[in-house]
Amino acid sequence: MLAQIHVTFKDGVLDPQGKTVHNALNDLGYDEVLDVNIGKYLEIKLDSASEEEAEIRVREMCERLLANTVIESFRFNIVPTE
Amino acid sequence: MLAQIHVTFKDGVLDPQGKTVHNALNDLGYDEVLDVNIGKYLEIKLDSASEEEAEIRVREMCERLLANTVIESFRFNIVPTE
Amino acid sequence: MDKPKKNRPGPEITPEIVREHGLTVEEFRRILDLIGRTPNMTELGIFSVMWSEHCSYKSSRPYLRKLPVESPRVLQGPGENAGVIDIGDGLAVAFKIESHNHPSFIEPHQGAATGVGGIMRDVFTMGARPIALMNSLRFGELEEPRTRFLLNGVVDGISSYGNCTGVPTVGGEIYFDACYNGNNLVNAFCLGLVKSDRIFLAGAGGVGNQILYVGSKTGRDGIHGASLLASSVFDENTEDKRPTVQVGDPFTEKLLIEACLELFECDWVVGVQDMGAAGLTSSSFEMAHRAETGVFMDLSKVPLREEGMIPYEILLSESQERMLFVIKPGHEKEALVILDKWGLDAAIIGEVVEEPNDRIQFLGQEVVNLPIIPVVDGALDLKRPTKRPEYLDEVVHISLTEFPDFSRGDAALKKLLACPNIASKEWVYEQYDHMVRLNTLVLPGSDAAVLRIKDTDKAIAISVDCNSRYCYLDPYEGAAIAVAEACRNVVCSGAEPIGLTNCLNFGNPEKPEIMWQFQQAVEGMGDACRFFDIPVVSGNVSLYNETKGEAIYPTPTVAVVGLIEDQTKVMTQGFKKSGDQIALIGFTMEELGGTEYLKTMFDRSAGKPPVLDRKHEKQVQDFCRELIQRGLISSAHDCSEGGLAVAVAESCFSPGCQTLGATLTLESTLRNDTLLFGETQSRFVISFPEERINEIEDLAMAFPVDFSLIGKVGGSHFTIMVNGKEIVKQEIDVLKQIWKTSLGNYAGQTT
Amino acid sequence: MKCGIVVFPGSNCDHDCYHILKHILNQETHWLWHKEEANLESFDLVVLPGGFSYGDYLRPGAIASFSPIMNSVITFAKAGGKVLGICNGFQVLLESELLPGTLIQNQSRKFICKNVTVRIENPDTPFTQNCGENRILEIPVAHHQGSYYIDPFSLNQLEENGQILFRYCDTKGKVSAESNPNGSVGSVAGVTNEQKNVMGMMPHPERCADPQLTGIDGQIIFQSLISNS
Ligand SMILES: Nc1ncnc2c1ncn2[C@@H]1O[C@H](COP(=O)(O)OP(=O)(O)O)[C@@H](O)[C@H]1O
Ligand SMILES: [Mg+2]
């Protein structure tokens, strides 16, 4: 199974990296860029018994380690692999 | 319009962060974790005339700046916003 | 009677709302008296932050007034963003230490990072270029996974922020104790260099001057961070009070430093203040207050990061990397050109007015109209009751007979070297860029950090210190020792102490026992500073360091800055040469109270801490500095945690020096444990070439100070003989390995 | 030797390089501002200093590589001008594709600031000509993303062309996993381009070139360049 996890800043939290990349893109002539947010994308290969179990465990992993829930939020989905 | 961009390490490139997180998860008792890859997830708000145009421009941004194509690959999709 | 509500939108002010703003009933009544009407919501928010413990020092101010703040070198004492001390050659150093304890407990990385950013802004607002950072860190027991999470996050935060701004982090201290389990401490220190005739103050200056906003855009970060967090106790409900955490942007800070230093070159810059705790509110009020003027501001002009922000939020936001400049009218364009060059947001948001009020408009409506003086000065000094805590009766009485002495000290020595309070802090400081700017003459790992001042012969030595276990056992004596030890550390490098800054970390001041600790500690610090003739030029108070009723040990951290006139006469703690003589300056008493030895071997934080004999302390310090100035010795190290044995071991394997063994040959009637590991104050371990013995002994006699030859550098072992009997013999490489890797091994565990 | 030091927003070893070149080694030294293209023809050396250009956001060196001044630097390099990239400057050179490979996060995932030792692998370049065979330099590193990476085939090629200039080693010159501070492939600490006029290195020679500080091994690199100019 594969967990695809997106970790992004919560609304209102400053994203200095996004801000700087936004400016850089504008400077490069991409004037259509209105805003940039940069987060993390994690792929975790799992050996779980079921999707339900994977779901529970991945949520826990996100809360405990993968996301800094004080400033970040996360979402994920579990996809079966062969 | 919103571009959702995933930038990940190419196969074979060592991902020290992924490896550390992998070990940490195993140490925390998540034995089912077989592999971890950590990449970037960017959301770019765009003021483009059309999806086609956005597509062309975002690809260019990725190639020029957002991904380091020596070691990273990228994929993206454009979603309309209100 | 009909009360007109013109221009005063927002909810009605209920007792509930007042309470939520951390204001007492009496305080609210005072507000009504002072302004003669009910404040609106925005104004209430302003009072709430300005009268918070953090901004008003209402519990601590009466005590702080007793600290000595003057010396011929002091150019600026407490009251401005940082203190400034003259070092000659037309130069001065600006420095301060400040806490970021609560934010770092909630989000260690960002909390520590923004702490570093804040203290740097305090220093460069004085017109000084920041040239050194230090920090004092306290965590709970390392066995707790949460501690390791906090430790990693805090060190990472300091590293990412300091390194990116290009200011070296040259030293610090770090301790672990269960009393910090629920409340870690992060105290950040910064020192900057400024021409003594180019010091900037935070005054608004004359009427008509323009108020220029510089730096990052304002978002909803940390609203009520300072007031609510720093003025209340943590418990299960802390979650609810979490403000939006401030995120640091060290890149913007770096640009801000460069841009501000460029602006300071211009003679039309009148005053400057960073927006720290309580943001735009406190900076505008305080600038007006210092200049005895008023200000007018239009919040519609403030660069905003988020949509829909209301005046209340704009005024109380604690978004980072923002400054407020006051410039003479007619120079707006020039200012904006400089700021644009550095890619910073900037806007003129108001001007200085005569009437001593802060009047604030938003979208054409007046939203605040408050008199400056009562808002800034109006918080009453609280005379909080004090009471000597009962725990003292229990913990200070110990008898040495409770603790069996040893005949071999190997095991204890190894255990102490591995104990995280004594083990090498390399794991920490290797994560900090401590060399950038090419001034660091003594890298981390010696008693004090030493930085040269380029284009002069001078150097600056800095040390931060506090043994909070001593302070727990005797806050008066503990605080005095903190001052003495910090001085001793800078003296070891050859410097003369010239100024001090402090960060007073305590529990809940509403408890008389805590207030007693505070009072005792400030008195001890003040008395020691007076005796050693060291002015306190800046400082910071952090109260309410409690979780679930458990307070931290009183932790009055001090940072002492010392001056070395001749850069070429800088001393370090490591032994330099096989065959050199080792000597002890000072004497050892039969005592173990408050030692790391008792804690590590018997798990006791008990006994009377060592007593500081100030006169004696001064003599040994002067003697040690004299030896260094005359170029007589090769190393100098003070005895602190772990006593004599640990001090000598550390000199054997100090970073930057080759590893050398040593043999100590001691004659003594003391118990072995007190001789090796006791922490009697006022002691230095020095080493020197044999042929200097006579000269040094003569000088010791003339001073006079206690001085005894105790051994020799050399060999592959660390050996200690007492009265002809070997009580320690260990391969020096083995000891070094234990000492060097212990902290990293702890910190690296993930579970 | 006429030297130019590029200043990007966030550069922070720019003043250190200036201090060494101008005040310690007495060379004519100029600042080059990132926003302006410049005619570099008259220069003997352009230095891209260490630091955190653009905060290292996105990837170290990525945004800086698009600065106007980099157009001039690329033209200068293509014409055979000598370019030295130190730490963040090395990252900029890689992002600009003036040098092969890339730098990723240290294996420890932590910033490392300490003295290391490196071995000179090719003393036959303008950057190393004063070193002599197998010379070992003691030199500080200070970086978070200093782990050099390149595919095995290209690494081999670099080796064959003598493009690997420095390898991390122990004090005796032995190269091993223990002496590799950041996990770089082949323990590579510095490389040049095929023409040997562009060099990038993670260690900081400017931090060990002032006699008042510990060590002056870094001088040898600047001295090589001076002899060559
Ligand atoms: N948090 C820290 N950050 C940077 N350096 C540190 C830190 N903690 C300790 N150090 C460094 O480690 C060395 C030993 O520290 P410490 O044991 O507190 O010394 P001392 O007992 O002489 O005060 C010093 O050089 C100090 O600057
Ligand atoms: Mg010391």
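All values derive from a computational prediction rather than experimental measurement.
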Q: Identify which part of D/S11 has an atom lying under 4.5 Å from any heavy atom of chain C, answering side chain, backbone, both or neither.
A: backbone

Q: Would you confirm whether C/K254, through its side chain, and D/G55, through its main-chain N or O, come within 3.5 Å as a donor-acceptor pair?
A: no

Q: Can you establish whether the number of heavy atoms outside C/K576 located under 6.0 Å from its atom NZ is more than 12?
A: yes

Q.
Among C/T165, C/D156, C/D249, which residue has the highest count of heavy-atom pairs closer than 4.5 Å to chain D?
A. C/D249

**Q.** Separation between CD of D/Q212 and CG of C/L438, rounded to the nearest 0.5 Å
**A.** 11.0 Å

Q. Taking C-beta and beyond as the side chain, do C/F251 and D/F52 meet within less than 4.5 Å on heavy atoms?
A. no

**Q.** Options C/E430, C/K341, C/E258, ranked by heavy-atom pairs under 4.5 Å with chain D, top entry
**A.** C/E430

(Q) Using a 4.5 angstrom heavy-atom cutoff, name the option from D/H143, D/K114, D/R207, D/H144 with the most pairs to chain C. (A) D/R207

Q: Check C/T440 against D/L213 and note the closest heavy-atom contact, atom names and distance.
A: O-CD2, 3.7 Å

Q: Check the surroundings of atom CG in D/N26: do more than 12 heavy atoms from other residues, nucleotides or ligands lie under 6.0 Å from it?
A: yes

Q | NZ/D/K2: more than 12 non-hydrogen atoms of other groups inside 6.0 Å | A | yes

Q | Point-to-point distance, once rounded to the nearest 0.5 Å, from OH of D/Y57 to SG of C/C164 | A | 5.5 Å

Q | Check: C/K454 and D/H23 side chains under 4.5 Å, non-hydrogen atoms | A | no

(Q) Could you check whether atom NZ of D/K35 has more than 12 heavy atoms from other residues, nucleotides or ligands sitting under 6.0 Å from it? (A) yes

**Q.** Contact winner vs chain C - D/P9, D/S53, D/P140, heavy-atom pairs under 4.5 Å
**A.** D/P9

Q. What distance separates D/N106 CG from C/Q431 CD, expressed to the nearest 0.5 Å?
A. 10.5 Å

(Q) Heavy-atom count check: over 12 atoms from other residues, nucleotides or ligands less than 6.0 Å from D/E97 CD? (A) no

Q: Supply the atom-to-atom distance C/D433 CG to D/C87 SG, rounded to the nearest 0.5 angstrom.
A: 8.5 Å

Q. Which pair of heavy atoms, one from D/K110 and one from C/W427, lies closest together, and at what distance?
A. CE-CZ2, 3.7 Å

Q: Could you tell me which portion of D/D16 (side chain, backbone, both or neither) has an atom closer than 4.5 angstrom to a non-hydrogen atom of chain C?
A: both

